[in-house]
Number of protein chains: 2
Amino acid sequence: MTETANQSADGRSLHSRIQSDIADKITSGAWAPGHRIPFEHELTQQYGCSRMTVNKALTVLARAGLIERHRRAGSFVKSRQSEAAVLEIHDIRVEVEALGLEYRYVLASRRRHAADEAEAARLGIAAGEPVVKLACVHFAGERPFCHEDRLVSLDAVPDAGGEAFENTAPGPWLLTRVPWSAAEHRIMADAAGPVVAAALGLKPDAPVLVVERRTWSGEQPVTFVRLSYPAGAHALVARFAPAGDSQAAATTMISTR
Amino acid sequence: MTETANQSADGRSLHSRIQSDIADKITSGAWAPGHRIPFEHELTQQYGCSRMTVNKALTVLARAGLIERHRRAGSFVKSRQSEAAVLEIHDIRVEVEALGLEYRYVLASRRRHAADEAEAARLGIAAGEPVVKLACVHFAGERPFCHEDRLVSLDAVPDAGGEAFENTAPGPWLLTRVPWSAAEHRIMADAAGPVVAAALGLKPDAPVLVVERRTWSGEQPVTFVRLSYPAGAHALVARFAPAGDSQAAATTMISTR
DNA sequence: GCTGCAGTTATGTATATACATATTATTCGG
DNA sequence: CCGAATAATATGTATATACATAACTGCAGC
């Protein structure tokens with residue numbers, strides 16, 4: 001044996017090599033959707049390894065959604081009727097600084113009150129519950145980058161009532177204070193309303209890219225944000241290479257041109 | 001022993017229970033970012049199981065990005081500076097039919113020619129290479145749902161030259177013919193140009209949600225699509241609950257109101 | 001023909017074991 | 001005191017083994 005017990009010449013582990021071998025067969029089309037991939041005991045022979053090793057590879061592929069496994073029947077290539085694209089959504093300060101621009105944050109308004117019907121619906125709480133409503137603008141250098149409209153539930157985050165948000169933007173403030181367990185993003189286009197248009201220096205009804213995010217901690221709604229970006233200047237980018245390498249996915253940037 | 005060798009009373013496997021126990025500690029905030037989670041041999045004792053079992057749970061959590069693992073040092077809760085949102089992008093026919101509407105597809109134009117500079121750049125090929133350029137409109141019931149502009153590389157898909165695309169939309173046609181190994185999505189807002197506005201029945205410069213997708217097969221660019229949806233009527237939705245359950249993620253719909 | 005039971009098969013889960021590897025502590029020689 | 005060799009430690013990978021479970025096959029008996 002010139003090789004060690006764990007690794008072959010190329011330095012990768014055996015199960016990850018089996019995994020990407022199979023992933024390649026699938027993404028190259030050699031094994032079409034519905035094709036039955038070799039049984040574990042067959043792969044065991046092909047690679048000269050134990051069943052646990054091929055099982056690990058196949059389990060990861062199943063988790064990644066590339067294959068489907070059935071007892072007694074075997075493992076099959078899943079049909080890809082839908083593509084999954086992974087968006088990675090960063091903090092706005094990080095986004096701006098990644099562009100080599102100076103980040104500045106300006107609080108436009110801050111009010112504490114009882115949620116009206118519309119606000120309660122957005123946040124997913126009952127009307128009348130106490131909330132903090134914030135509006136602010138994020139700048140990249142001299143130019144407005146993004147307008148933020150936010151509701152924070154005071155039930156979920158009592159501390160938010162006493163915070164002025166003059167130096168710290170509400171996003172990162174919440175992130176360090178409240179752990180979240182679920183989030184929902186809603187991405188859409190819209191015409192800029194008068195407030196947003198003024199804040200971003202756009203003509204009224206100019207197109208804006210809107211990202212709305214609702215965040216929960218357990219079952220409890222925490223916050224609702226609506227981020228408006230001038231169209232043309234910003235795009236969300238999601239790259240996706242199916243499974244195999246797992247982190248082959250992802251990266252989103254919001255980039256200025 | 002009233003329990004079987006593999007499963008406890010609740011029917012879930014032990015490693016998945018360990019996994020979600022830890023995931024809960026993290027998402028609830030009990031274990032903050034940077035916190036060192038118990039060593040494998042400690043968890044082994046807590047759960048009265050072998051190291052392989054806790055290793056499996058921790059490996060999955062590491063793949064999911066919830067924890068970081070270092071030899072000799074231990075495993076640590078990762079700081080979540082960025083949120084990953086998973087968009088699931090379906091075929092347009094499926095989207096429309098999911099809304100209970102009748103799907104119809106109309107080819108507006110189809111041309112075969114040599115790619116000019118702009119087209120070559122979009123597709124990622126050399127100028128002068130042969131392409132098919134398509135424009136079509138997808139209808140949901142009577143109303144236009146989405147305008148599609150597409151370039152297909154004839155180097156990658158020679159068959160596309162002889163296809164009329166009168167009955168099958170180019171998206172599904174390509175999907176069954178050409179396996180793809182990577183895709184990049186670009187989501188943005190824009191003002192509708194005259195052609196798109198006319199096709200969608202909008203006023204010129206009305207805001208539209210634009211999804212651009214570039215697809216590769218191996219290293220070779222296959223197709224570039226630009227899908228324009230009327231703003232207000234459509235949104236991309238991505239739900240995300242971090243790891244633990246893995247498929248707790250995702251679903252995107254493009255919904256009409 | 002149909003029901004029910006036993007056998008077969010592939011995956012699912014878990015264990016005990018072994019050695020590899022990265023990294024930190026410790027010890028020892030100069 | 002410093003740097004090098006050495007030990008200790010936690011994770012990483014892999015094996016052989018065992019039993020569980022889902023699902024299908026086929027047969028026996030009515």
Side-chain angles (χ1 to χ4, degrees), chain A residues 1-22 34-78 245-247, chain B residues 1-22 34-78 245-247:
Chain A
M1 279 260 284
T2 64
E3 301 168 356
T4 69
N6 288 343
Q7 296 195 336
S8 320
D10 60 354
R12 302 221 301 135
S13 65
L14 183 52
H15 67 256
S16 84
R17 226 152 20 92
I18 297 174
Q19 188 186 317
S20 51
D21 281 0
I22 293 171
H35 179 266
R36 208 210 75 226
I37 77 171
F39 294 130
E40 291 188 352
H41 70 262
E42 293 175 307
L43 292 169
T44 278
Q45 293 203 314
Q46 279 180 41
Y47 287 93
C49 65
S50 75
R51 186 166 81 88
M52 283 303 292
T53 304
V54 310
N55 183 282
K56 185 165 190 171
L58 295 181
T59 300
V60 172
L61 289 173
R63 274 189 81 87
L66 268 186
I67 65 173
E68 236 174 327
R69 315 197 71 199
H70 296 286
R71 279 163 160 145
R72 166 84 210 220
S75 303
F76 302 85
V77 177
K78 249 195 184 174
D245 257 337
S246 92
Q247 93 274 49
Chain B
M1 278 262 285
T2 63
E3 301 169 356
T4 69
N6 289 342
Q7 297 195 334
S8 320
D10 59 354
R12 303 219 301 136
S13 65
L14 182 52
H15 67 255
S16 85
R17 223 151 25 90
I18 297 174
Q19 188 187 318
S20 52
D21 281 1
I22 294 171
H35 179 266
R36 207 208 75 228
I37 76 171
F39 295 129
E40 291 188 351
H41 71 262
E42 293 176 308
L43 292 169
T44 278
Q45 293 204 315
Q46 279 180 41
Y47 287 94
C49 66
S50 76
R51 188 167 80 90
M52 283 303 291
T53 305
V54 310
N55 182 282
K56 185 164 190 172
L58 294 181
T59 300
V60 172
L61 290 172
R63 273 189 80 87
L66 268 187
I67 66 173
E68 237 174 329
R69 315 196 72 198
H70 298 286
R71 280 163 158 143
R72 166 81 212 224
S75 304
F76 300 85
V77 177
K78 249 195 183 174
D245 259 335
S246 92
Q247 93 274 49

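Predicted model, so just to flag it, every value in this text is computed and none were measured. Convention: sequence-line order gives letters A, B, ...; per-chain numbering from 1.
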Between atom NZ in Lys56(A) and atom C1' in dA16(D), what is the gap in whole Å?
16 Å
Taking every heavy atom of Lys78(B) against every heavy atom of Glu68(B), the minimum-distance pair comes out as CG-OE1, 3.6 Å
What is the distance, to the nearest angstrom, from the CD atom on Gln45(A) to the P atom on dA10(C)?
12 Å
Taking the side chain from Thr44(B) and the backbone from Glu40(B), do they hold a donor-acceptor pair closer than 3.5 Å?
yes
Distance in angstrom units between Glu42(A) CD and dT9(C) P, rounded
13 Å
Taking OH from Tyr47(A) and C1' from dT15(D), how many angstroms apart are they, rounded to a whole number?
18 Å
Might you point out which heavy atoms bring His15(B) and Ala57(B) nearest each other, and give the distance in Å?
O-CB, 3.3 Å
Using the side chain to side chain contact (heavy atoms under 4.5 Å, CB included) criterion, which residues pair with Arg71(B)? Sequence neighbours excluded.
none
May I have the distance from Arg12(B) (atom CZ) to dG12(C) (atom P), rounded to whole angstrom?
16 Å
Could you give the CD-to-P distance, from Glu68(A) to dT11(C), as a whole number of Å?
14 Å
Without decimals, in angstroms, what is the distance between Arg63(A) CZ and dT11(C) C1'?
17 Å
Using OP1 and OP2 only, check whether a side-chain N or O of Thr53(B) sits under 4.0 Å from dT15(C).
yes
How does each nucleotide of nucleotides 4-11 of chain D score, in 5' to 3' order, for protein heavy atoms under 4.0 Å: base (B), sugar-phosphate only (S), or none (-)?
----BBBB
Given Val54(B), which partner from the list Ile18(B), Leu14(B), Thr59(B) fulfils the side-chain contact (heavy atoms from CB on, under 4.5 Å) test?
Ile18(B)
CE of Met52(B) versus C1' of dT13(D): gap in Å, rounded?
8 Å
For a quick test of reading the model: is some side-chain N or O of Ser13(B) closer than 4.0 Å to OP1 or OP2 of dT13(C)?
yes
Before accepting this row, confirm whether a basic side-chain N of the pair Glu42(B)/Arg51(B) lies closer than 4.0 Å to the acidic partner's carboxylate O.
no
Can you tell me how far apart CZ (Arg69(A)) and CG (Leu58(A)) are? Round to the nearest 0.5 Å.
4.5 Å
Can any side-chain N or O of Ser16(A) pair as donor or acceptor with the backbone N or O of Arg12(A) at less than 3.5 Å?
no
For Cys49(B), is there any backbone N or O sitting under 3.5 Å from a side-chain donor or acceptor partner on Thr53(B)?
no
So how far off straight is the helix from dG1(C)-dC30(D) to dG30(C)-dC1(D), going by the axes through five pairs at either end, to 10°?
10°
